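Structure first, then comments.
Since we're looking at a predicted model, the values are computed, not measured. Letters A, B, ... are given to chains in the order of the sequence lines, protein chains preceding strands, and every chain is numbered from 1. What's counted below: heavy atoms across the whole structure, side chains too, no hydrogens, waters or symmetry copies.
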Amino acid sequence: MQTIRYGGDYNPEQWPEEVWHEDVRLMREAGVNLVSLGIFNWGIVEPARGEYDWTGLDRVMELLHAGGIGVDLGTPTASPPAWLRKAHPEMRLVDRDGRTLAGGSRHGVCPSSPAYRDACASIVEQLAARYGGHPAVELWHVHNEYGWANVECYCETSQAAFRSWLEAKYGEVDRLNDAWGTTFWGLVYRSFDQIEAPSAAPPGVNPALQLDWKRFSNDEHIAGYTLQREIIARHCDTPATTNFMIPNCEDMDYWRWAGKTDVVANNHYLVAEREDRHIELSMSADLTRAVAGGPWMVMEHSTSAVNWQPRNLAKTPGELRRNSLAHVARGADGLMFFQWRASRAGSEKFHSAMLPHGGTDTEVWRDVAALGNDLRSLAGVVGSHVQADVAVLWDWESWWALELEWRPSVDLGFRERVEAYYGALWRQHVTVDFAHPEADLSGYRLVVAPSSYVLSEAAAKNLRCHVENGGHLLVSYFSGIVDEHDTVHPGPHPGALRETLGLRVEEFHPLREGETLSVEGVPGSAFTAGTGRVWSEHVRLDGAREVARFASGPDAGRPALTRHDLGRGTAWYAATALDDRTGLDALVATALDTAGVERPQDVPEQVEIVRRGGHCFLINHSGQGAEVPNLTGVDALDGTAYAGRVPVPAGAVVVVALD
Amino acid sequence: MQTIRYGGDYNPEQWPEEVWHEDVRLMREAGVNLVSLGIFNWGIVEPARGEYDWTGLDRVMELLHAGGIGVDLGTPTASPPAWLRKAHPEMRLVDRDGRTLAGGSRHGVCPSSPAYRDACASIVEQLAARYGGHPAVELWHVHNEYGWANVECYCETSQAAFRSWLEAKYGEVDRLNDAWGTTFWGLVYRSFDQIEAPSAAPPGVNPALQLDWKRFSNDEHIAGYTLQREIIARHCDTPATTNFMIPNCEDMDYWRWAGKTDVVANNHYLVAEREDRHIELSMSADLTRAVAGGPWMVMEHSTSAVNWQPRNLAKTPGELRRNSLAHVARGADGLMFFQWRASRAGSEKFHSAMLPHGGTDTEVWRDVAALGNDLRSLAGVVGSHVQADVAVLWDWESWWALELEWRPSVDLGFRERVEAYYGALWRQHVTVDFAHPEADLSGYRLVVAPSSYVLSEAAAKNLRCHVENGGHLLVSYFSGIVDEHDTVHPGPHPGALRETLGLRVEEFHPLREGETLSVEGVPGSAFTAGTGRVWSEHVRLDGAREVARFASGPDAGRPALTRHDLGRGTAWYAATALDDRTGLDALVATALDTAGVERPQDVPEQVEIVRRGGHCFLINHSGQGAEVPNLTGVDALDGTAYAGRVPVPAGAVVVVALD
Amino acid sequence: MQTIRYGGDYNPEQWPEEVWHEDVRLMREAGVNLVSLGIFNWGIVEPARGEYDWTGLDRVMELLHAGGIGVDLGTPTASPPAWLRKAHPEMRLVDRDGRTLAGGSRHGVCPSSPAYRDACASIVEQLAARYGGHPAVELWHVHNEYGWANVECYCETSQAAFRSWLEAKYGEVDRLNDAWGTTFWGLVYRSFDQIEAPSAAPPGVNPALQLDWKRFSNDEHIAGYTLQREIIARHCDTPATTNFMIPNCEDMDYWRWAGKTDVVANNHYLVAEREDRHIELSMSADLTRAVAGGPWMVMEHSTSAVNWQPRNLAKTPGELRRNSLAHVARGADGLMFFQWRASRAGSEKFHSAMLPHGGTDTEVWRDVAALGNDLRSLAGVVGSHVQADVAVLWDWESWWALELEWRPSVDLGFRERVEAYYGALWRQHVTVDFAHPEADLSGYRLVVAPSSYVLSEAAAKNLRCHVENGGHLLVSYFSGIVDEHDTVHPGPHPGALRETLGLRVEEFHPLREGETLSVEGVPGSAFTAGTGRVWSEHVRLDGAREVARFASGPDAGRPALTRHDLGRGTAWYAATALDDRTGLDALVATALDTAGVERPQDVPEQVEIVRRGGHCFLINHSGQGAEVPNLTGVDALDGTAYAGRVPVPAGAVVVVALD
């Protein structure tokens, strides 16, 4: 049965039983068909080691099932109980500064701790044995937010695990020495047991060590997930997932997580003070879809304000609906909120919920119920796919490496450039996929590499083949500089892309804080003029031709934007940070035109248009009504027939089932 | 004998004996009649465990007594000697980050340490036995600045003491679980020994745990005080005190300290760079008077600059006198300085003193001597009371709770709003009392609640009764939200005040950083227009009527200021942050007028007027001369007779003994 | 043979042997005659305790020697090998916060550790025995950058060493108590073993303790150097040095290092974002020359960008040459770079090098080769001296003491004022020496004391004699305040200079953040008007006369600049912070004129003119060509004859061999 999953985290343990009955009644009223249960109830269902109390959970499961509401059953391991911390003080997380973290919150535990892992295995075994066959359980929700707060632990257990991980990876220590370039500063290791984790140290810690530490830390969480997943699989074949935090968790490399879950589920919260937060949401959804390789679900978002940002602005009228349907447009088959009913106590009591403190006589509640209704009308989108002609490269390893200490400029930012290029594409109504640099790019007319600082040789070859075979490539500065060990590719920069781009960079010229420079198109170029920030560099052409040049700054008179026709394709290069109105939109338009990527015409910039399967989603983020031309079909929500033009009122969402 | 106590901290151990003779001579010249002695001399009088050297102290006491100067005798426990730290390394303070603090300064000690407490008891026993009957001793000065630097200790001893404190408070762990709402995140405890202090941990530590930790830490210092106070009482019946730091110490809940000391003594230092520092001083004095419940004394203030602020601006001409007499006007019966003679060495050598490095040929010295002379003329004020028609609610627990992590906006500030409302009252020449929310409010026409985030049910009832019985109440946003465990009151916000205010708040709408919005009075309202900051919210009227509405921002068109006539009184509500010139003065004036609070008319804003008993203090903080009308009496300092109008020159202070 | 030493750090261990041959060939092409070798190769030459592998080093030495390139042979102790850290965990550095620092970088080691020192002695013994007689070795390079990252260690070993150091210094603990003023806060010690290092503690740690801790930490590094130096001396009489970091290392007191090395070698890196970075370079060179007492060498600077600043701006065209020859002009007889060949891996791969990633077809390489050529033409300057009529006082102890916590204003800065006065002199083409306040000043017409906060009695007497004997003295505010224990000199400020300056300061009046005030010259004064920042004070004349007065601010109407004719000389005083264009240039010009210091006339401000021995260096830092009049001689680089006027093109350097 195809339905969009709809609901939220449900924490009945915070309320007396009479409230549970009201909850089920209201869930039905709102169209809720799935709730996440038991995410943090370890301390309640296992009050002491090996003693279990299932009374409450049994009762709630029964009530939900009777109400026709499915359960996404959590394993509660993200918040180990106080008795476990007391019994195993060695499982407490030691942070980078050597502090042993206290309890009173969640996640303050070493992910590699044997005592913790054993206790996790025990409670999951109990849960899976008891509820594996329960008819309400539609999905398992393993742990919660891997990568939140306890990404890295520096305790002795973790350090030993790191050394074992390295030994498994490299086999012999001299292979590690070669990979890490340890001759620099004489940081050579003679055995794996000489290696220390990169906790607080004098500046200049070996960057390759730091990257492997990040890989190890990510893998430890995957191992924690896998341990639980396998136990569940021994008891039932119900699908399982865990909730990712794309793209706001820098630390988890979700490319490595891809395929570990039966369905990709993501938590996404707006950065409330950002004016372009809806674009950031689109990016999140597109990247999640890339990790999923198809439809996915929102496991957590919020009906309105959160509570952990500096200023927790509430959503504006209609924003809840726009956000929700934007996720659906970009591949979500489920929309879940944190949380069902607002808590009265604890540290998240000011987080919005489906049922706020103010109760059902509130706009939030009415919006939640209306959304539930809409989703029933959109069941037809379930399982359908989003098509894109453009791919943006994304690599967590570039994010990690690009933002290590001691780089050319602190103004270099991985997300900064990705968001800049993504935004330019979004404003031109281009739906994009994200891709790993080594992924199959054959389906894309244009590939954009805004921040591919790390590029393996395989990735470099992949990009070159893409161009030679007729693809188009748009690269931003400081890409293709190092390999996966943060070692500079041989020869002039950018070593991995030099030949593909037809140029070399003689020297980097980072700009002063706040400094800008002018860029001017060469005669005959579609690009006329722009303003750069952050970066300039001495580009020397080796096959490429100049599209625009620096008119000021340290490289005045030298190439700023270039184009290289290679094989059957074209490779573009931007040697400075252009922004939306200062040249980036123009550069991206030029590359799109050259690549033959078609875009909707005559549509206001802030009207989002996404085609998913047989549906076209139109989301008007502006305060003015708009019309989208060249579109024919039937309104999926109210049945209106559209022939050629679809009006989209200010702030509204229209979903057209295409003819 | 009624005299205003006048003097300062005296540290003769820093000087050779010949200087002591000069000191006594100059003290007499300046009118000094009390000095605080021995505040930090532990390492000198007890050079090794159980060995005592009283030579110097005996001699100084004798000299002072012979000179007619009383002694406020300190117990030196705020700076334990190096030999004690060496003998008991376990008494060193462990901070929130787990760092064991070093010596070389004062206060770096665990307040719960048995070794420390034993050593305190021993030295106090010795002091009290030796000097309890000394005729010079007029007052005991227990410890120094409880709450400075060592408020909280996270060592194992402290954690054990915390668990005992919790067990004593809650009896059974499930009562604690209920109070703390530990079902949130499954943070349930099964025994008290599973509880950890809230040291460094992942974000989101249970706020109720954090509040009880603050209460415990406060109580540990009260226990330290009480231990010493009881020893002294066994030797003599001389009164005792300790020096509070109102209102600049957030950590000590001085309502809990009230009644522990025989006289309330306060340290107050200006924030030198604030232009309105004299208003902050008034607030300090009024709050200290509230804690004292009557006259009190200044134990420390400064003759000019301090040394521990970023920029230690000196006092301007006349400021020392204005500050000093403002304290007297608001209830002080003593004026003491830190310190008598400026140190040449150590970390406070650039702190001003009564006798500066420059000696007696200095303006500071002349001002000090002139003040001593003035105070002799004001002996008549001693013991008299200040009357106020208006009370402002103040609660350290609201301060603590309101500024925990994970709240709606970081721009919410407890003191920010209290100071805003206090300032509006001050500029309208209204003398106020401060009051705890559960205090008897029957004497006040108007009660102002600028930051009553925490309100117990008893406090809520207290405020409702105040209004129903004909009182007036003015409440600012984000008040009445939670109970004493930081648990949201049931139902829509503000749960504790919803009925009293006649409204509910459907949703909070914190503003962006720096964002402002317009507020417009409804037709017929005395309030015309203003500008709000920080906060907006969706107010829905349930009995109140609209006084002004939002003209912009997220709640444009909705109520911004409301009035609820309830019983025989009125409750006002402000849903945004107005400031002096942007509406707050007008709002406060409206509430004062409605409540029938009379204010001096035709007096310039920066002329402070305070009536204390039979005296009226006029303090001109401006650069222009002023006249205060409707005042008849005799100048208490120079005998001038005033009939109807009292001139107050620029920067001057006039004290009128009323007819 | 007189040649300017030219080259850089050479790290062949990062490259395969075939590259070594290319290196030697290119070094010769660039005129390199010295390389620093083995700075960080401990982990390579001693792969395990007591096992040595000299293969690579032997081979490189041989290749270099065959190529005619000298070796500055490093002892590799700044980066102890991983096996040593593993074997001796107790040698890990403990920082001020109690964190034990990890490896993976360099310098994370306790300088006092016996295990570390023993291991250092062993490897140096091996190196000296093996290479002491090697003909390529021209210089020993002991350790690297003493004072980088591991200045202070707070481990138990260090604390014990500190107590021994104190006992050696003071003999009896009561002499320490007297010096430190421990009666303040009763911080008296009864034995040396009660003393704790000033690690994290409550604020207000005894400043004298902090100063002695800094002296001790400095001395521990000198001891580390001396240990190695003595071992080398037992094997050969080759000169030795270590690389200082003047003036950017605040922690090393290089006056105490003076004389320990056979040649003073300095590392200097521009602060790339500073517009006046060339003036800061001049200051560095002049201060290094003062420490050296004659010619010195640059051990490290950069050909272009570094990698560890926030924004690593590359050098502009010609800047490498201007920087290099400015060092030579100011006394350098050697110019070395970090590093020869840019690394591909590790944390400094984005640091510029003589041979960049881009190879020899780069501007950097061409500039490096051209500079090598120029230096051959300048061999005649080797050993010659720079003459100066003006001395600026510099004292690391004033730097340390002036910037301790709890001082009158955080805007007080040691370097801030030194750089302000130095800049004013530089812009007037005055070459200065730096001097310790107790140094022989008899050769100088004018002595400038911009930041002499600490002045011993001996220094005070030295300055007074200088003036009485006909010298001139220009003193800035907050000088002469304390002695070497941070104890205020007796009587009014500035105690050590009161009589010399003919005034006293009744009170300090620090200004608000960003506040400015006006200064007006008195009638007849050469100084007309200016603007002050940061500071004002109440100056009272006791013999001096007013040159200018404050026209606004807290001391309006009082003296701001004064002049005191004493004996045969004159002492000037400035009571506020004037800057270049706001009065400082005028004040300095007045003092220079009065002192009779001649300056080149009609030379543009940004043309640097320095006379060294028989050569005059002209460096045009501006974008306009200039002519320097009154100069006759021959161009040392191209042989052009100049008679009276020397043209200096924009950005160029001309060196004139004087007739």
Side-chain angles (χ1 to χ4, degrees), chain B residues 11 13-15 39-45 47-48 76 78-83 85-86 93 95 97-108 148-150 272-273 304-305 307-308 310-314 316 342-352 356-359 361-364, chain C residues 97-99 154 179-191 193-210 404-411 481-482 485-493 495 504-513 515 534 538 540 554:
Chain B
N11 297 299
E13 59 274 15
Q14 297 176 24
W15 305 94
I39 307 296
F40 293 119
N41 68 354
W42 194 351
I44 290 149
V45 298
S79 192
W83 57 257
R85 291 180 61 85
K86 174 76 179 168
L93 186 123
D95 75 4
D97 288 322
R99 302 182 305 182
T100 300
L101 295 197
S105 179
R106 53 180 168 123
H107 274 98
W148 188 88
N150 73 335
E273 286 191 79
S304 191
N307 62 306
W308 42 266
R311 293 164 195 84
N312 297 288
L313 274 61
T316 58
S343 300
R344 286 184 55 212
S347 55
E348 298 201 302
K349 57 188 168 292
F350 294 121
H351 193 293
S352 61
H357 291 128
D361 180 13
T362 56
E363 291 182 25
V364 165
Chain C
D97 289 322
R99 301 182 305 181
Y154 292 86
W180 287 11
T182 54
T183 50
F184 180 81
W185 286 355
L187 301 171
V188 182
Y189 302 98
R190 300 303 171 179
S191 61
D193 69 358
Q194 292 172 359
I195 297 169
E196 300 172 65
S199 59
V205 170
N206 188 318
L209 161 63
Q210 295 189 65
L404 292 174
E405 60 187 350
W406 288 12
R407 54 206 166 115
S409 171
V410 294
D411 295 327
I481 303 299
V482 298
H485 299 295
D486 203 44
T487 295
V488 173
H489 287 289
H493 304 296
R504 61 194 149 125
V505 174
E506 183 172 317
E507 189 169 50
F508 302 136
H509 290 149
L511 302 183
R512 284 192 165 73
E513 187 169 17
E515 187 180 352
V534 173
H538 182 169
R540 293 174 62 179

So which of [options] has the biggest tally of heavy-atom pairs under 4.5 Å with chain B?
{"options": "C/Asp486, C/Val505, C/Leu404, C/Thr182", "value": "C/Asp486"}
{"options": "C/Trp185, C/Phe184, C/Trp406, C/Tyr154", "value": "C/Trp185"}
{"options": "C/Leu511, C/Asn206, C/Asp193, C/Val188", "value": "C/Asp193"}

Below 4.5 Å from any heavy atom of chain B, which atoms of [X] appear? Answer side chain, backbone, both or neither.
{"X": "C/Pro510", "value": "both"}
{"X": "C/Arg512", "value": "both"}
{"X": "C/Ala208", "value": "neither"}
{"X": "C/Ile481", "value": "side chain"}

Which atoms of [X] are under 4.5 Å from chain C, going by heavy atoms: the side chain, the backbone, both sets, or neither?
{"X": "B/Pro47", "result": "both"}
{"X": "B/Ala149", "result": "side chain"}
{"X": "B/Ala78", "result": "neither"}
{"X": "B/Asp361", "result": "both"}
{"X": "B/Ser352", "result": "neither"}
{"X": "B/Asn307", "result": "both"}
{"X": "B/Trp15", "result": "neither"}

Evaluate the ring planes of B/Trp42 and B/Trp83, with Trp represented by its six-membered ring, and classify them as parallel (under 30°), tilted (30 to 60°) or perpendicular (over 60°).
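Geometry flag for B/Trp83 against B/Trp42: perpendicular rings.
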